[in-house]
Amino acid sequence: MSAKYQEFSKLNLPEIEQEILAKWDASQAFEQSMSLREGAPHFVFYEGPPSANGMPGIHHVISRTLKDLVCRYKTMQGFQVKRKAGWDTHGLPIELGVEKELGITKEDIGKKITVEEYNQKCREAVMRFKDKWDDLTRKMGYWVDLSDPYITFDNSYIETLWWILQQLFNKGLLYESVSIQPYSPAAGTGLSSHELNMPGTYKNVKDTSAVVMFKAIENDRSKFLFEAARVNGEEQPEIFFMAWTTTPWTLPSNLGLTVGAKINYVLVETLNPYTHIPVNVVLAKDLIGKYFKPEGENLPIGSYKEGDKILPWTIIAEFTGADIEEARYEQLMPYEANSAAAAGGDPFRVLVGDFVTTEDGTGIVHTAPAFGADDFKVGKKYGIGILTMVDKQGKFVDGLGEFSGRYVKDYKDEKGYVDVNVDISVKLKKENRAFKIEKYEHNYPHCWRTDKPVLYYPLEAWFIKTTALRDKMVELNKTINWKPKSTGEGRFGNWLENMVDWNLSRSRFWGTPLPIWKTEGEDNIEFKCIGNIEELNSEIRKANEVLGGDVNKNYLHEGILDLHKPYVDEIVLVSASGRPMKRVPDLIDVWFDSGAMPYAQWGLDYDKLKAGDPRPFKAPFNVSFPADYIAEGVDQTRGWFYTLHAIASLLYEEVAFKTCVSNGLVLDKDGNKMSKRLGNVVDPFKTINEFGADATRWYLVTNASPWDNMKFDLEGIREVQRKFFGTLFNTYQFFALYANVDGFAFKEQYIPLAERPEIDRWIFSSLNTLVAKVKASLDDYEPTQAGRAIEEFVGEQLSNWYVRLCRRRFWKGEYEHDKICAYQTLYECLEKISLLMAPISPFFSDRLFNALNEVTGLRQERSVHHVLFPVSDNAAVDASLEERMQLAQDICSLILSLRKKVNIKVRQPLQKVLIPVLDPAMKAQILKVEDLIKSEVNVKELQYLTEDSGFIKKKIKPNYIALGKKLGPKMKAVAAALGSFTQDDINRLEKEGSISLLIDNEPLILQANEVDITSEDIPGWMVANKDSLTVALDITVTPELISEGNARELVNRIQKIRKDNGYELTDRIMVQLTDHQELKGSIAQFNTYICAEILADKLELVPELPDGTEIEVNDIPLKVFVTKKA
RNA sequence: UGAUGCUUAGCUCAGUGGUCAGAGCAGGUGCCUUAUACGCACAAGGUCAUCGGUUCAAACCCGAUAGCAUCAACCA
């Protein structure tokens, strides 16, 4: 323990941080922050695993600051907070990175490079930037246990995922199905959404589009259409539903027509423009204009002659989509391969779907479930079956007549490729089944590798039936505390409501394999889902015994050593009926990896597993589920937040986290997204090295609410550094300077609050109010509020008011009661601040705390992060005291503003200030701070004007809040009436407590408490107002006042000379001045004052001073000669 | 296209159903020196995105529009 408070030459945050980091390392401060809380209640935090495959960016600093500050705060609240780090190690970005590095594509894997080698590369690549991440973690002061992280590619991690999948499989929540996915026939592979979002994949292309006519069959639902046509005179009317398609090749696979329930449709009697046969067609009313000209309306059909430009048409019925639901139609292009039986459902019906619009087409959507996600969904809902009349090479299957074997798009760059879409259109035209054929330009996705158009194609995939738990998940979500609320209720809640089953399958190489084996062939398929390594090993041996030969020969001895591809794929298992089973080649979605971290981070406990424990995970899972708190970027809403929630709901019908903070994006200072391409990425290392992690963290937290997108500007960090840390640092420096002089080490008895001066009690009250506010804000996960409150206190209350007003107490007089009060008060403020700010800025707070504590030894703890958070002392909070100090600050500000207006500097004393006081309470309040105001603004007296002094001009306004409900619409009239009140009217109202008005010829009694009376003017005086406060200043400068002003000015000049001469604070001086008529009186009168201020024994007036310094005192030139007294 | 959020001073952000809309920074003016010019004080700066509605009263509540952002989707 050193006897002196450390003084610094200059604030250097990065340097302080280096020092603190070394100290933390040496003392194992982080480990201690947990071990000191052994046995205390847990606060559970989950770390969302980052991928160490890329460099960390500044946006990682914000979410990690949020994580860290809550964990530190909860530790200070007495909780034990363990935080295990984790790494996300699987997934497409890693694979793509490796492909790029090796210069290969997906197709080359298994050919140019073995899967084994490839996965080895991935395993190496995944931790490429781990050092950088660890470095950032350390430098930004993020306390997380990096020594024992969970890693998603570890066997034990994958094993836990398998166990979970097995649970879901056993519950029937894991199933195989088809889903419609983007697929590139040219490349023979499915495309991920990532690949589809690559630049240049969407291109404008011209395709043959067709409006085709599906012939309606008369039934219950369509009867009214036929009757309408018959009324119109036709005996055997033909009615057609018109639908538009840009992909005519999907027409042989058509199984339905989808309409919008609320869209208005019409039945139109007209002619087919190609065949000129009279027809009746159904389309959306809004789209009539697209196909028919207004001139043709209601023209008789018979009037049309071939070659006419105008097609006659007549609306003969009007109805909504809901009216024709379940109507039926004839198949458009029947062949042997696409029969209703082949579709496996009840096709050729009119369906209702919410995706239908009337923006283009006909308002009726041709629905081929195999080739569109919406089509598939609505088709499934209605059970119309599915037809996939195109194979994986992109050509029509056999059994489609003349179209069999033809490619639906030019995937092969065939010479003389004839567009099959055109042929289909021509055929339909001839058959009176096409209404309009034209080229249509639209935006369509293309395979980024082959440049050929993508098709949406049904592919086999494994799904988790999350929809089965939807209601439960929605219900559980309501118990989660979301910050901000809108993320949980809106974005997340909405997502849950519209959730679809989770497509787990990924056809890649580096990831968690799906642990499902299945028998080959189409009949009696048997499945086996493996749940742990031991089970797999025993199944391996069993298969070898049953199937014999070389089956699994490489895995018999040691069992399986790596759960990745290609090893798992080599393993053959045996089904219950004795047939060989091969693994489903899929990997699972990496989001499952991270969503399962609450369980997999600990791994499986075989003892519990064998005992049939439903939660067979290693300790400390039992005390680490669910999480009290998680925090990530808002982009994780449908990522990690969802998968955590989904898995916990599926397994245990519980939440995985109780509070979730989702932070917004970090944009550059102009509001653009940071991207490498634009070169506007902020390097977190550079930022921290230059400005310090504390300033960066403080800026990120206080600049904007974390969930708003923030525009990141280094200028803002600079400001924080200067304004907040600079001020706080200076306040400490001030304290240290004098405390060292006086040897203050908090050795004296703690002086009770009641015995301290008013200003001390005030800053204490204010401090405790702050403590309460900070605690409330942090408890509510609102760190921005907390940080801003601390800033405000340090800048305005502590530094700029308390210290400024109290300066003299620290250097004047003996080391006794008042001085000790001042030291104790300032010390406690500084110490509490160090505690309050510790969660947000862990370094400087620790430095400040220790700088103080190393001298006084008041605390046992060696780090601020081990101390319990302060508790607000209600007894110290005095609202009335805070109010009157605020009053004093406001009054001072008003007086300064008046001085400025008339250009009278503060050093010039003025005689008096007038303050109208309308009630005795206000006067009492100001009286208590009168001295303070007088010295602060250099005024000799405060005069209170009460109403009877006659000086005040009052103003009256309705009290809108009180009167609003009572008066309602009469409010305006009353306001006008009050506006025309005379001073006498106001006085009478005040005296009598009420007044009667005539509003709209009705009498109305107004009570005194229903109006606001203020005094905004004092006739003849210069006034300034703030809210209801009014201040007038007497700006008369009498000769006496000038004289005193001169004296003060002189003091000020001589002080400057002292400083220039480099004298010590305590040096006494001798002063010679040239005699000057105008100053003579002043110097004589204020001689004692001047001498006391400048530490001179006397002032000597001489006629000439050749060696003196020339100065000016209020424009009076003179010379002074100052020497240090020996 | 949908969901969600944002839009207030030149910039970064507060703000509450109550009649003059706030702070910091930048810019302006004036002040130094026994903590701090990396400071202090004062003044100026606004169509609260636009348009409608509810209300005695709207920056605030509601509805539409526009722009930005994220996520999801992408379609006939």
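Here the structure is a predicted model, which is why all the values come from computation and not from measurement. In the text below, chain A, chain B and the rest are named by the order of the sequence lines, each starting its count at 1.
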[X] near the nucleic acid: base, sugar-phosphate alone, or nothing, with a heavy-atom cut-off under 4.0 Å?
| X | value |
| --- | --- |
| A:R807 | base |
| A:T637 | nothing |
| A:G964 | base |
| A:K970 | nothing |
| A:T258 | nothing |

message = With side chain to side chain donor-acceptor pair (under 3.5 Å) as the criterion, how do A:K439 and A:T208 come out once you've worked through the C-alpha distance, each side chain's angles and the decisive distance to 0.1 Å?
response = CA-CA 5 Å; A:K439 290 283 181 191; A:T208 303; 3.3 Å; yes
Rounded to the nearest angstrom, tell me the gap between atom [atom1] in [X] and atom [atom2] in [N].
| X | N | atom1 | atom2 | value |
| --- | --- | --- | --- | --- |
| A:W495 | B:G2 | CH2 | P | 17 Å |
| A:Q1055 | B:U34 | CD | P | 5 Å |
| A:I1054 | B:U34 | CD1 | P | 13 Å |
| A:Y738 | B:U36 | OH | C1' | 12 Å |
| A:D713 | B:G24 | CG | P | 19 Å |
| A:L11 | B:U36 | CG | C1' | 12 Å |
| A:W591 | B:A72 | CH2 | C1' | 13 Å |
| A:K901 | B:G28 | NZ | C1' | 17 Å |

OP1 or OP2 of [N] under 4.0 Å from side-chain N/O of [X]:
| X | N | result |
| --- | --- | --- |
| A:R907 | B:C32 | yes |
| A:N800 | B:A41 | yes |
| A:S897 | B:A43 | yes |
| A:R722 | B:G39 | yes |

All pairs passing side chain to side chain donor-acceptor pair (under 3.5 Å) where residues 718-735 of chain A contributes a residue, at least two apart =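 Side chain to side chain donor-acceptor pair (under 3.5 Å) check on residues 718-735 of chain A returns A:E715-A:R718.
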request  = Examine the side chains of A:N740 and A:E7 and answer whether a donor and an acceptor come within less than 3.5 Å of each other.
outcome  =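 There is such a pair between these side chains.
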ask   = Hey, is A:Y960 doing a stacking thing with B:U19, by the 5.5 Å centroid and 30° angle criteria?
value =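 According to the criterion (under 5.5 Å, under 30°), yes, A:Y960 stacks.
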ask   = What residues form a side chain to side chain donor-acceptor pair (under 3.5 Å) with A:Y329, not counting sequence neighbours?
value = A:N254
task = Pull out every stem in RNA chain B, meaning runs of 3 or more consecutive Watson-Crick or G-U wobble pairs with both distances under 3.5 Å.
result =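 Runs of three or more consecutive pairs: B:1-7 with B:66-72, B:10-13 with B:22-25, B:28-31 with B:39-42, B:49-53 with B:61-65.
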